[in-house]
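Just so it is clear, the model here is predicted, and its values are computed rather than measured. We're numbering straight along the sequence, starting at 1. Because only heavy atoms are used, hydrogens play no part in the values below, and waters and symmetry mates are left out as well, while side chains stay in.
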Amino acid sequence: MKFLKKLAIACCALSLSTGAMAADNGILAFPGAEGFGRFTTGGRGGEIYHVTNLNDSGTGSLRDAVSKPNRIVVFDVSGVIELKSVLVFSSNLTVLGQTAPGEGIQVYGNRVSFSNANNTIIRYIRFRMGIKGDNGKDAAGVASGHDMIFDHLSVLWGRDENFSISSNSKGTGPQNITVQNSIIGQGLQSHSCGGLIQTDGGVTLYRNLYIENKTRNPKVKGLNQYVNNVVYNWGDGGCYIMSDSEGDSWADIQNNYFMRGPWNGATKPFSRGKQGFRFYGAGNYYDDNKDGILNGYLMPVEEMLGTQSDGSQSIYLESIDAVNATIDEFNAANADKIAAGTQIEVQHITPIQNMMTAEESYAWILENVGPTLPVRDEVDQYIIDELASYGSKGTKNGISSESQLPHRGTGTISGGVKPLDTDGDGIPDAWETANGLNPNDASDAAKIDRLRLDRTLRQLHHRGFPLHQEANQVRHRHSIKDLAVSELGCQQEHRTRFRY
């Protein structure tokens, strides 16, 4: 079964390159993609690049792989890539960490930048900065660029923020960004921040785990969708910070779970509200008793306003439609600036299609959050074990170095052997032979059409793979690689996990 899983994950990389499809065609980046970045097309139409070593640079390295645009990046190796300097990603990339053999990929020792990495899909990668990284820098960040989706990441040990998506004030700021199914945690003291989410361009945070950050889980200004997240054991700096500054903000805050842990002096879940921050909030739970049981209470509206000591607070609206109406008012009032290009036209918030209840999202995150393909590593498992204690386990004042943790930082990531792929197209020979393709011809994946796709998914299902409802959304020659990976890689978007 484990071989079949790896076979299916790796089986169709070349078919990503059979033709690019524009985001405005309404085709998801992969089944289960949600939010503002859901239509990102990534590296479709580009070349396949195989990462063949764990070196910091040079041919076959991850740095070389992401240095040029229009690529689909797959991995022939697993282990730790130690960065000697910032790793900068180009545009039009699809990076598929779940294609690695063994226990997957960890990028460690410095920061990664996705600024101006337009149209990029990143999945199942561990980005962990650590104490030796650049002082005062984020573990991962986006300061500019558009159409990006980050799925099943582990972003830890930032020396400023862990993962920020915040305008550098040199343009209109990031636009159409989604971070989903990811772990954002253990920011290093003395700052220890989850991240700044500050752009009018739209950022969706969906089904993520913010854990053991002193503050900014996240701090939000601009256009934000915050749904089905879990925040665990934050500190006295703040949990979800509602701007705390002048200016206009709009948010959809639904079905999140806030769980207090041992951290001393933790704030309330919502803080620093301002009148310019308008939001719809519902279904949010707060468990503050630290009794080892999931038994939080449904938060009333007055606890979601972020009321400050001077009486300042955010504005609660009755629906997403009401929030969108205020966006229309803002756009009308700023029509001249929008026409001049000094202000973007703020888009409407579209509801999450696969939204869960707060309790369901907590359970789902325990099983599935982070890079669970190829496997969840010991670093993330340590975090999940704390989450599973329902408030009784965790740091009381954060950490200043990853070496303070039991695994002492990187932990152990075992290697593995990739299936034989004679023509180097990312499709293992055994799958090509079984499905009427030529394992010596890298071009024949273009023959895989909708009918072959449906048949392939049925085969995977009958051989023990979960078949998702999302597959029915596929049209024409949508990437089999995306679908096969998503069938396994989304970790059962309908709340059941593939077991092996």
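Between the side chains of Ser245 and Ser243, at least one donor N or O sits under 3.5 Å from an acceptor N or O. Side chain to side chain, Glu34 and Asn354 meet the donor-acceptor criterion of an N or O pair below 3.5 Å. With no hydrogens or angles considered, a side-chain donor-acceptor pair links Gln254 and Asp252 at under 3.5 Å. Residues Glu345 and Asn334 bring no donor and acceptor atom of their side chains to less than 3.5 Å of each other. Side-chain polar atoms of Gln347 and Asn176 form a donor-acceptor pair below 3.5 angstrom. If you check the side chains of Tyr297 and Glu303, you find a donor sitting under 3.5 Å from an acceptor. Checking Asp160 against His191 by side-chain atom types alone, a donor-acceptor pair falls below 3.5 Å. Using modelled atom types and a 3.5 Å distance limit, the side chains of Ser144 and Asn116 yield a donor-acceptor pair. For the residue pair Asp291 / Asn295, a side-chain donor-acceptor distance below 3.5 Å is found, with atom types taken as modelled. Of the N and O atoms on the side chains of Asp64 and Tyr49, at least one donor lies less than 3.5 Å from an acceptor on the other residue. Between Asp377 and Gln381, the side chains place no donor N or O within less than 3.5 Å of an acceptor N or O (distance only, hydrogens not considered). Using modelled atom types and a 3.5 Å distance limit, the side chains of Arg128 and Gln106 yield a donor-acceptor pair. A donor atom on one side chain and an acceptor atom on the other are not found under 3.5 Å apart for Asn228 and Asn256. Side-chain N/O atoms of Asp310 and Ser312 include a donor and acceptor closer than 3.5 Å. Inspection of the Trp157 and Gln186 side chains reveals an N or O donor paired with an N or O acceptor under 3.5 Å.
In the displayed structure, Asn264 atom CG is contacted under 6.0 Å by more than 12 heavy atoms of other residues, nucleotides or ligands. The neighbour count for Glu318 CD, taken as heavy atoms of other residues, nucleotides or ligands under 6.0 Å away, does not exceed 12. More than 12 heavy atoms of other shown residues, nucleotides or ligands fall within 6.0 angstrom of atom CD in Glu359. Counting non-hydrogen atoms of neighbouring residues, nucleotides and ligands closer than 6.0 angstrom, the NZ atom of Lys290 exceeds 12 such neighbours.
Separating the OH atom in Tyr206 from the CD atom in Gln225 is a distance of 10.0 Å, to the nearest 0.5 Å. The CG atom of Asn208 sits 9.5 Å away from atom OG1 of Thr178, with the distance rounded to the nearest 0.5 Å. Remark: Ile131 CD1 to Ser401 OG distance equals 5.5 Å, nearest 0.5 Å. In this structure, CG on Asn119 lies 11.5 Å from CD1 on Ile149, to the nearest 0.5 angstrom. Considering OG1 of Thr215 and CG of Asn217, their distance stands at 6.5 Å, rounded to 0.5 Å. Glu329 contributes atom CD, which lies 10.5 Å from atom CD1 of Ile327 (distance to the nearest 0.5 angstrom).
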side-chain contact (heavy atoms from CB on, under 4.5 Å) between Leu188 and Ser400: does it pass, once the steps are laid out?
CA-CA 5 Å; Leu188 300 183; Ser400 58; 5.8 Å; no
Take Tyr240 and Tyr226 through the ring-ring contact (aromatic ring centres under 6.0 Å, His included) test and state the conclusion after the steps.
CA-CA 10 Å; Tyr240 188 99; Tyr226 190 79; 4.7 Å; yes
Could you give me the CA-CA distance, side-chain angles and deciding distance for Phe279 and Tyr316, then say whether ring-ring contact (aromatic ring centres under 6.0 Å, His included) is met?
CA-CA 5 Å; Phe279 75 101; Tyr316 171 80; 5.7 Å; yes
Trace of the side-chain hydrogen bond (donor to acceptor under 3.5 Å, both in side chains) decision for Ser154 with Asp380:
CA-CA 8 Å; Ser154 175; Asp380 285 343; 2.8 Å; yes
One pair to check against side-chain hydrogen bond (donor to acceptor under 3.5 Å, both in side chains): Asn162 and Asp138. What are the steps and the verdict?
CA-CA 5 Å; Asn162 276 319; Asp138 303 341; over 6 Å; no
Go through the steps for His348 and Asp321 under the test side-chain hydrogen bond (donor to acceptor under 3.5 Å, both in side chains), then give the verdict.
CA-CA 9 Å; His348 282 182; Asp321 287 342; over 6 Å; no
What do the steps show when you test Tyr257 against Tyr232 for ring-ring contact (aromatic ring centres under 6.0 Å, His included), and what is the final call?
CA-CA 8 Å; Tyr257 215 112; Tyr232 183 84; over 10 Å; no
Run Val142 and Phe163 through side-chain contact (heavy atoms from CB on, under 4.5 Å) and show every step you take.
CA-CA 8 Å; Val142 181; Phe163 198 162; 4.2 Å; yes
Mind running side-chain contact (heavy atoms from CB on, under 4.5 Å) on Tyr285 and Tyr362 for me, showing each step along the way?
CA-CA 11 Å; Tyr285 276 73; Tyr362 201 108; over 6 Å; no
Quick one, Arg216 with Glu161, criterion side-chain contact (heavy atoms from CB on, under 4.5 Å). Give me CA distance, side-chain angles, the key distance, then yes/no.
CA-CA 8 Å; Arg216 298 179 182 174; Glu161 319 286 331; 2.5 Å; yes
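In plain terms, the two heavy atoms of Cys239 and Trp234 that are nearest each other are CB-NE1, 3.7 Å. Heavy-atom minimum distance, Asn397 versus Thr395: N-OG1, 3.2 Å. For the residue pair Ile211 and Glu386, the shortest heavy atom distance occurs at CD1-OE1, 4.3 Å. Among all heavy-atom pairs drawn from Val107 and Ile125, the shortest one is CG2-CG2, 4.1 Å. Closest non-hydrogen pair, Ser115 versus Ala143, comes out as OG-N, 2.9 Å. Shortest non-hydrogen contact noted between Pro262 and Ser392 is CG-O, 3.9 Å.
The residue from Asn110, Leu62, Asp56, Ile81 that alone fulfils the side chain to side chain contact (heavy atoms under 4.5 Å, CB included) condition with Leu87 is Leu62. None of Thr350, Ile349, Ile177 except one satisfies the side chain to side chain contact (heavy atoms under 4.5 Å, CB included) rule with Phe36; the exception is Ile349.
Salt-bridge annotation for Asp134 and Arg111: present, with a side-chain N of the basic residue lying under 4.0 Å from a carboxylate O of the acidic one. Using a cut-off of 4.0 Å between Lys/Arg side-chain N and Asp/Glu carboxylate O, Arg260 and Asp288 are scored as not salt-bridged. Salt bridge Arg123/Asp151: present, at least one basic N to carboxylate O contact under 4.0 Å. Between Asp248 and Arg278 a salt bridge is recorded (basic side-chain N to carboxylate O distance below 4.0 Å). By the 4.0 Å N-to-carboxylate-O rule, Glu246 lies close enough to Lys274 to be salt-bridged with it.
Between His152 and Trp364, the ring planes lie tilted relative to each other; the angle falls in the 30° to 60° range. Between Phe330 and Trp250, the ring-plane angle classifies as perpendicular under the 30° and 60° cut-offs.
In this structure Ser85 satisfies the side-chain contact (heavy atoms from CB on, under 4.5 Å) test together with Arg63, sequence neighbours excluded.
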